[in-house]
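These notes are about the structure you will find just below.
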Amino acid sequence: MAFMKYTQLGRTGLKVSRLVLGTMNFGPQTDEADSHAIMDAALDAGINFFDTANVYGWGENKGRTESIIGSWFAKGGGRRDKVVLATKVYGNMAADGEAWPNHDKLSAVNIRRAVDASLKRLGTDHIDVYQFHHIDRSTPFEEIWQAIDVLVQQGKVLYVGSSNFPGYKIAQANEIAARRGGTIGLVSEQCLYNLCERRAEMEVVPAAQDYGLGVIPWSPLHGGLLGGVLKKEVEGRRRASGRAAETLADPAGRARIQAYEDLLDKHGIEPGEAALAWLLTRPGVTGPIVGPRTAAQLESALRAVELELSEELLASLDEIFPGPGPSPEAFAW
C-alpha cells in the first residue's frame, strides 16, 4: 500500500484519509471501466474517503456517477466496507431540468425521497456522510434535522455534512441541532478553498473549527489553474478553460500564476502537488477533494501527501496569494 496519512473527520471518531477521492468526472469524462480502475487504485493507495453527489452525471445522466460507484461496490472484495462514502442531496434530479414540486432542495419530503434513490443507485444500505449540497432558504433547520433524525434511526445515514455553506449557516444549523438534542449536527463542510480562492478563511473555516467540522476543500487546483497551466499551455498539452481561462485573461492574474510556477520550478516541485500540500498545512482542513480523470493524475495527487513545504516556501506562497487575514479584522478595520 502507498503511503497515506489519516485524520479524524472533525469532532467525530471517524478516521478518514487526508485525500478525498472526488468522483464528479465518473460518467461524464471517465467511463465505467476506468472509473472502477481509479477507485481500485485509490483504495490500494489507502484513500478511504469517497465523495459524490446525486446530481453527478449531469443533464439527462444525473445519478450516473452514483450508479458507477454502486456497480464497483457490487464487485465485492470488501470494497463497500473499506470506504467512507459521502454523497449529497439538494439538486433537481429531473432529466429535463424541470423539477416537480418537492423534488429538490431540503424539505423532509425530498430528503426522504433522495436518500432512498441514492441508496438504490449506490447499491448499499447506508450513507456514511450525507451532505447538504447547498443552503435551502425555504426550509427551517428544525424540519431538516427532524428528517435526518429519522434516517439516522433507520440506519440509512450515519453523519451529516454541509457544502457551500456560509459561516452563519454552519452556526445556525448546529445551534438548532444542539437545542433539539439527540443529534450530532454537521460534522463537515465542503467548500471552495485553494491558494487562489482563500475567502473561506474569513468566516467558513473559523466557523467550522469552532463547531468541530472537518473542512473538505473542493477544486483544490482552482479548475486546473494551480496545476501548471502555463507550462501545459506552452507545451500544447492543455488549454485553460472555465475558471482558469478567466483568471489568465487578466494580466495581473496571469502574472500571479507565472510567479507561482516560477517559484515552484525553482524548488523543483510540481505545481499541482504543491497546491494540494499547501491545503494539507491549513488549520481545520481534513483533506482536499481530488478528482482524477486518469490513474496518472491520481498518482500525482498521492505524492502531495508526502510533500513537506518549507516555511520559506509557505511564506513565498502567501506573498503571491495573500489570504484575507483574520475575521473581523480583515474587513472591520
Side-chain angles (χ1 to χ4, degrees), residues 4-24 42 47-56 66 69 83-91 106 111 114-115 118 122 126-136 141 144-145 147-149 151-152 156-178 183-194 197 199-220 276 279-291:
M4 179 52 63
K5 294 178 181 176
Y6 298 88
T7 188
Q8 307 300 126
L9 180 61
R11 65 189 184 281
T12 75
L14 189 63
K15 192 173 283 189
V16 295
S17 50
R18 296 223 63 200
L19 288 181
V20 183
L21 182 70
T23 63
M24 191 168 69
I47 296 176
N48 75 334
F49 199 4
F50 288 18
D51 176 75
T52 191
N54 59 354
V55 292
Y56 290 172
E66 285 187 332
I69 297 169
V83 168
V84 174
L85 175 64
T87 191
K88 306 183 194 79
V89 56
Y90 179 93
L106 301 179
I111 287 174
V115 77
S118 284
L122 289 161
H126 73 285
I127 293 159
D128 298 304
V129 185
Y130 201 42
Q131 301 162 115
F132 308 135
H133 212 157
H134 299 282
I135 62 169
D136 181 353
F141 277 111
I144 293 169
W145 286 127
I148 293 297
D149 286 347
L151 297 181
V152 171
K156 293 178 179 178
V157 168
L158 300 183
Y159 302 94
V160 177
S162 56
S163 181
N164 306 307
F165 271 35
Y168 82 96
K169 280 293 181 183
I170 291 172
Q172 187 182 56
N174 273 16
E175 289 297 334
I176 290 172
T183 180
I184 194 172
L186 300 173
V187 303
S188 61
E189 160 59 18
Q190 193 178 127
C191 58
L192 176 61
Y193 185 24
N194 55 55
E197 178 48 86
R199 284 178 293 178
E201 292 176 1
M202 201 179 297
E203 294 280 359
V204 176
V205 174
Q209 287 184 280
D210 274 4
Y211 282 95
L213 279 67
V215 175
I216 304 168
W218 61 265
S219 195
L276 291 172
L279 279 168
L280 291 171
T281 71
R282 304 308 300 164
V285 168
T286 300
I289 296 174
V290 296

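Computation of the quantities below employed the complete heavy-atom set of this structure, encompassing side-chain atoms and omitting hydrogens, waters and symmetry-equivalent molecules.
- With sequence neighbours excluded, no residue forms a ring pair (Phe, Tyr, Trp, His ring centres under 6.0 Å) with Phe132.
- Between the side chain of Gln131 and the backbone N or O of Thr87, at least one donor-acceptor pair lies under 3.5 Å.
- Listed by chain and number, the residues in a side chain to side chain donor-acceptor pair (under 3.5 Å) with Trp145 amount to none (sequence neighbours excluded).
- With sequence neighbours left out, Thr183 forms a side chain to side chain donor-acceptor pair (under 3.5 Å) with no residue at all.
- Every residue was checked against the side chain to side chain donor-acceptor pair (under 3.5 Å) condition with Asp210, not counting sequence neighbours, and none meets it.
- Once rounded to the nearest 0.5 Å, the distance linking CD of Glu201 with SG of Cys191 reads 10.0 Å.
- Under the rule for a salt bridge (charged side-chain N to carboxylate O under 4.0 Å, His left out), Arg18 has no partner lying at least two apart in sequence or in another chain.
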**Study point:** Ile127 vs Val115, side chain to side chain contact (heavy atoms under 4.5 Å, CB included): CA-CA, chis, key distance, verdict
**Key:** CA-CA 8 Å; Ile127 293 159; Val115 77; 3.8 Å; yes

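- With sequence neighbours excluded, the residues that form a ring pair (Phe, Tyr, Trp, His ring centres under 6.0 Å) with Tyr90 are His134.
- In this structure, Asp51 and Ile216 have side chains that are not in contact, with every pair of non-hydrogen atoms separated by 4.5 Å or more.
- Evaluation of the side chain to side chain donor-acceptor pair (under 3.5 Å) rule for Thr12 yields no partner, not counting sequence neighbours.
- Under the rule for a ring pair (Phe, Tyr, Trp, His ring centres under 6.0 Å), Tyr130 has no partner lying at least two apart in sequence or in another chain.
- Evaluation of the salt bridge (charged side-chain N to carboxylate O under 4.0 Å, His left out) rule for Arg11 yields no partner, not counting sequence neighbours.
- The CG atom of Leu19 sits 10.0 Å away from the OH atom of Tyr6 when rounded to the nearest 0.5 Å.
- To the nearest 0.5 angstrom, Ile144 atom CD1 is 4.5 Å from Leu106 atom CG.
- Counting only heavy atoms from C-beta outward, the side chains of Pro166 and Ile135 approach each other to under 4.5 Å.
- Under a 3.5 Å cut-off, the side chain of Gln190 and the backbone N or O of Trp218 do not form any donor-acceptor pair.
- For Tyr193, the ring pair (Phe, Tyr, Trp, His ring centres under 6.0 Å) test picks out Trp278, with sequence neighbours left out.
- Qualifying salt bridge (charged side-chain N to carboxylate O under 4.0 Å, His left out) partners for Lys169, counting only residues two or more places apart in sequence or in other chains: none.
- Not a single donor-acceptor pair under 3.5 Å links the side chain of Ser163 to the backbone N or O of Glu189.
- Heavy-atom minimum distance, Leu192 versus Ser219: CD1-CB, 3.6 Å.
- Between Tyr56 atom OH and His133 atom NE2 the span is 4.5 Å, to the nearest 0.5 Å.
- Within the 3.5 Å criterion, the main-chain N or O of Gly13 finds a donor-acceptor partner in the side chain of Gln8.
- Distance CG/Leu186 to CG/Asn174: 4.5 Å, rounded to 0.5 Å.
- A donor-acceptor distance shorter than 3.5 angstrom exists from the side chain of Asn48 to the backbone of Lys15, with no hydrogens or angles considered.
- Among residues two or more places apart in sequence or in another chain, the salt bridge (charged side-chain N to carboxylate O under 4.0 Å, His left out) test is passed with Asp128 by Arg80.
- In terms of heavy-atom proximity, Ile289 sits nearest to Gly22 at CG2-CA, 3.5 Å.
- Annotation: side chain of Val285 is in contact with side chain of Pro217 (closest heavy-atom distance under 4.5 Å).
- For the residue pair Gly91 and Val55, the shortest heavy atom distance occurs at CA-CG1, 3.6 Å.
- Atom NZ in Lys88 sits 6.5 Å away from atom OG1 in Thr52 (nearest 0.5 Å).
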